[in-house]
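Single-structure report; data block below.
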Amino acid sequence: MKLSFPDGQIKEYENGITGLEVAKSISEGLARNALAIGLDGVIIELSRPITQDAEFKIFTWKDIEGKEAFWHSSSHLLAEALQELYPDVKFGFGPPIENGFYYDVELPEGTKLGEDDFAKIEAKMKELAKKKSQFVMHDWTYEDAKSYYQNRGNEFKQDLIEEFKDQKITYCTQGNFTDLCKGGHIPHTGLIKAIKILSVAGAYWRGNSDNKMLTRIYGITFPKQAELEEFMRIREEAEKRDHRKLGKELNLFFITPEVGQGLPVWLPKGTFIRRKLEKFITEELLARGYQEVITPHIGNLNLYKTSGHYPYYKDSQFAPISVEEEEYMLKPMNCPHHHKIYQNEPRSYKDLPLRFAEFGTVYRYEQSGELSGLSRVRGFTQDDAHIYCMPEQLKEELINCVELTQLVFKTFDMEVSTRLSFRGEEENKYAGTAESWEEAERIVKEVADEINLDYFIGIGEASFYGPKIDFIVKDAIGRKWQLGTVQVDYVMPERFDLEYIGSDNNKHRPVIIHRAPFGSMERFMSILIEHFAGNFPFWLAPDQISILPITDNQLEYAKKIQSILNDNGYRTKLDERAEKVNRKIAESEQAKIPFSLVIGAKEVEAENVSVREHTVGDIGKKSIEEILEIFKSLSR
RNA sequence: GCCACUUUAGCUCAGCUGGCUAGAGCAGCUGAUUUGUAAUCAGCAGGUCGUUGGUUCGAGUCCGACAAGUGGCUCCA
């Protein structure tokens, strides 16, 4: 029997050898650190005999797969602990996740589980972990598995078993706990040294809101206590960057139910940054041949019936407003308005592509439980644009849009992942013909390949009228949000009967690209705030420079410096108070102002300033010319 | 919308098992202080403890309903 290793080596082994024995044959150290092995990409236990040729890998804590096995095993340990603490608990799913694991359970009638119970669960897990119970895999017949869970009244696992009816069914036992499981564990529970229950949440069985809601218990474990402490420290640090917290501290925006749930109010400083972003993108658009348009915030309901948005998204829009026999809707998207602009005059192939851009504010009735800071709101502004082009221009325009979006993320040095969002299986969820969908998806994929996009494909993530290229960024606490988007649309041109006269003097249908590089100003701001942890780059910072005279004797000189800087277009703040300079510095730092200029008697004498850079510290004395040079280099 | 948790001054938080006029720091205001790289001192003012029912001689504290927020789930043009 042959095993091929990641380095390309192929070695001959005796049939039935275990992963652990293979690891030992390589090195004792490796065998000690090994958590699981991979056979042809499947994670399995070190103890399982290998009986056929395969690609072989050893996974340690350093590997994603090693962590997966570790956390998968930890979820079994959590389940074992829960079973001891709540004997009648019923189990659903319990998978590893990006950071840790969870288990979905149904607690016995009347049992509530809250944060107060975490310590108890952790203690029980630790107690069970110390027993070093081995994770042992066994085969199960369908009947035995079925009756095992029937006896326990667990409808969830029975539901799962039905799905595996025609496959090999296995279970895993450790200590007194048995679980339906496909395998992939670490050798024994004793390796789990540091344990933390993180949170509880509700989760529908199989993710379907028609099903029963279970209690999802999130936890994380590590082989060493120090690693858990480091994880908790990083988590705390991340929470400090939360845009909701910084938005309050830095006076950027607020959200209050007195104005309306999910309706952010922008304060002067937040507005300043937002406007800067708008200017930045507007310059790029104008350079790329876009034209700006403005459309109203409400629109006739018929417009959305034509577009098809109304039936598809009826439940997530604010109810129509009735006025004089007519119904109007708060604009949930800008598309139909722009389509009417296209229709406003006959279009020739010579006019195309036409690119209409607008910072369009839209209102959507998001479920109350879904609202979150600036990330998910009920009123937001898209940096929207629609491009109307001939089919043969589509590719080039798509590439342009993707490159513009990439420029945004590059400008702010943000890490982004790219998803090609294609349609899924669901009926009634998509408009348009199968042929146009295939065409659109094919082109999207061709474009992505042509420009070497590093992408993944998301089935069922398309919009109802076409496939998308979505740009996804993580927030401070690891949640993923879609920002930029580029969408292909063959449907709306049909619905709105858009056309252009071609060079053949015949009527043709244009193709539409919907695109928003930021996605929404609100969501982009949330990510931007967290990305910079409130330490905005010089060109974006609402206050750029604070001027801190040490005593009143330097006031006059300080004012002179301020007017020079103001005349050069910089945003300054002069702190005239009779406070100690230490305090002035502290407050300037807390306000995260990029530069502080300390001015005392020496600086007045030498006609210079002492420069302190935020997050860096004192960078020494500089002449006026030097600071102007520095500030110029940081502007854009 | 669903599950769990949270809600005390503009902000951050104390307030144990229900018991006199609900505390602190920061911010604000007033005054003093003129100060060299992260917070000078003193005084004043600020709260019907999210709202609303109930239990009780007595509720910030216990119970219910509602609202908002947080973490998830469903959803996400």
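Convention: sequence-line order gives letters A, B, ...; per-chain numbering from 1.
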- Query: Paired with rA38(B) by Watson-Crick or G-U wobble geometry, both distances under 3.5 Å: which nucleotide is it?
  - Reply: none
- Query: Considering only side-chain heavy atoms of Met213(A), which listed nucleotide, rC26(B), rA77(B), rC3(B), is closest?
  - Reply: rC3(B)
- On the 0 to 90° scale, with breaks at 30° and 60°, tag the Phe538(A)-Phe631(A) ring pair as parallel, tilted or perpendicular. parallel
- Item | First encountered from the 5' end of RNA chain B, between Ile477(A) and Met333(A) | Ile477(A)
- Identify whether any heavy atom of Ser610(A) sits under 4.0 Å from a base atom; if not, whether one sits that close to sugar-phosphate; answer base, sugar-phosphate or nothing. base
- Message: Using a 4.0 Å heavy-atom cut-off, does Asp618(A) contact any base of the nucleic acid, only the sugar-phosphate backbone, or nothing at all?
- Response: base
- Measure up the His339(A) and Phe496(A) rings against each other and bin them: parallel (under 30°), tilted (30 to 60°), perpendicular (over 60°). perpendicular
- Item | P-based separation of rC5(B) from rG10(B) [nearest Å] | 28 Å
- Query: Can you find a donor-acceptor N/O pair under 3.5 angstrom joining the side chain of Arg376(A) to the base of rC75(B)?
  - Reply: yes
- Query: Given that both distances must come in under 3.5 Å, which nucleotide forms a Watson-Crick or G-U wobble pair with rG18(B)?
  - Reply: none
- Task: Determine the interatomic distance between C1' on rG60(B) and the same-named atom on rU52(B); round to the nearest Å.
- Result: 15 Å
- Query: If you look at every strand shown and take non-hydrogen atoms under 4.0 Å, does Val598(A) touch a base, only sugar-phosphate, or nothing?
  - Reply: base
- Message: Between rC57(B) and rC13(B), how far apart are the two C1' atoms, rounded to whole Å?
- Response: 33 Å
- Task: Using the P atoms only, state how far rG1(B) lies from rC66(B), rounded to an integer number of Å.
- Result: 11 Å
- Item | C1'-based separation of rG18(B) from rC26(B) [nearest Å] | 31 Å
- Item | Nearest-angstrom distance, C1' atom, rA32(B) to rG50(B) | 41 Å
- Which value, in whole Å, describes the distance between the C1' atoms of nucleotides rA45(B) and rG23(B)? 16 Å
- Query: Which nucleotide sits closest to the side chain of Tyr204(A): rC2(B), rA27(B), rU34(B)?
  - Reply: rC2(B)
- Message: Quick check on the 6.0 Å ring-centre criterion: do Trp437(A) and Tyr490(A) meet it?
- Response: no
- Query: Do Glu603(A) side-chain and rG36(B) base share a donor-acceptor contact under 3.5 Å?
  - Reply: yes
- Query: If you look at every strand shown and take non-hydrogen atoms under 4.0 Å, does Gln590(A) touch a base, only sugar-phosphate, or nothing?
  - Reply: base
- Item | Given rU40(B), rU12(B), rA77(B), the nucleotide with the shortest approach to the side chain of Gln317(A) | rA77(B)
- For the residue pair Phe409(A) and Phe524(A), categorise the inter-ring angle as parallel (less than 30°), tilted (30 to 60°) or perpendicular (more than 60°). tilted
- Determine which nucleotide pairs with rU61(B), using a 3.5 Å limit on both distances of a Watson-Crick or G-U wobble pair. none
- Query: Within a radius of less than 6.0 Å around NZ of Lys340(A), do more than 12 heavy atoms belonging to other residues, nucleotides or ligands occur?
  - Reply: no
